[in-house]
Amino acid sequence: MNPTIELLKSHRSIRKFTDQPVSRELLKELIRAGQAAATSSHVQAYSVIHVTNPTNRETIAELAGGQAYVATCGAFLVFCADMKRPTEAAERTDARVVRGMTEQLLVASVDTALMAQNVAVAAESEGLGICYIGGIRNNPQQVSDLLGLPDHVFPVFGMCLGYPAHQPDVKPRLPVEAILKQDTYTDDREQVAAFDETMHAYYQSRKGGTKQSDWSHNLTPLFDTKLRPHMREFLVERGFEMK
């Protein structure tokens, strides 16, 4: 395999970082790489907040569920879906702009995710480690207030960046046969059952035999309760009315 594919397959989340800072120039280059990602109709519906204020980083760490590495990593970014910039640009051409469409929410969210993943890969190619922080959606209004986000902009996730202080094992992924289907959707329960065995062995190895779980059981907390039910009301209040 070529080096790019090997880099992509070596991804792991890093939660322990050295004290080495991430330079502003490198950060700008990573953002430029992010901007090179595909974007729907060239809308580029994203903004990135580089949070440097130590107090704000500590606050976000708590709002995200007590994830201390948000405050201690070399750089912390918040990736925001941004429909403010493109809709206002269209308005300046005298367009009769319609806001709050579900498609706008989808476009902005997808654009943001694609851009962030480019940043992640570029960062890893430079020897940095990254960790996505979806926990900022635990308290999206408080995060938005802290960052001064206007209407039609919302925080999708954060990203810790820094030089790794550890190298955890690469977490296994589902077999490609479960993901890559030909012509029609096919049942993948056999592949899932085999993957549960793989993940059970992985957790046994990583946790010194103390974690008795697998992939399917780890999903239980995500689906046996209403996860972040506040998000719909929050998005409507931000101007994403999902018409």
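Applying the salt bridge (Lys or Arg N to Asp or Glu O under 4.0 Å) criterion to Lys171, with sequence neighbours excluded, gives no partner residue. Residues passing the salt bridge (Lys or Arg N to Asp or Glu O under 4.0 Å) test with Arg85 are Asp82, sequence neighbours excluded.
Counting side-chain heavy-atom gaps under 4.5 Å among Ile, Leu, Val, Met, Phe, Trp and Tyr, Tyr185 is found in no cluster with other residues. Met101 shares a hydrophobic cluster with Val98; the chain of contacts runs through ILVMFWY side chains whose heavy atoms sit under 4.5 Å apart. Hydrophobic cluster of Leu114: the remaining members, joined at side-chain heavy-atom separations below 4.5 Å, are Val110, listed by chain and number.
The ring pair (Phe, Tyr, Trp, His ring centres under 6.0 Å) contacts involving residues 2-23 comprise nothing, where partners must be two or more places apart or lie in separate chains. Among residue pairs with one or both ends in residues 49-65, none qualify as salt bridge (charged side-chain N to carboxylate O under 4.0 Å, His left out); sequence neighbours excluded. The ring pair (Phe, Tyr, Trp, His ring centres under 6.0 Å) pairs that include a residue from residues 105-141 are Tyr132-Phe157, where partners are two or more places apart or lie in different chains. Sorted by first and then second residue, the salt bridge (charged side-chain N to carboxylate O under 4.0 Å, His left out) pairs involving residues 31-52 (not counting sequence neighbours) are Glu29-Arg32. A ring pair (Phe, Tyr, Trp, His ring centres under 6.0 Å) check over residues 81-110, counting only residues at least two apart or in different chains, returns nothing. Sequence neighbours left out, the pairs with a member in residues 154-169 that pass side chain to side chain donor-acceptor pair (under 3.5 Å) are Arg12-Gln167. Screening residues 85-123 for ring pair (Phe, Tyr, Trp, His ring centres under 6.0 Å) gives no qualifying pairs among residues at least two apart or on separate chains.
Looking only at distances, a side-chain donor or acceptor of Asp196 sits under 3.5 Å from a matching main-chain atom of Trp215.
Met199 and Phe223 fall within a single hydrophobic cluster, where Ile, Leu, Val, Met, Phe, Trp and Tyr are joined by side-chain heavy atoms under 4.5 Å apart, directly or via other members.
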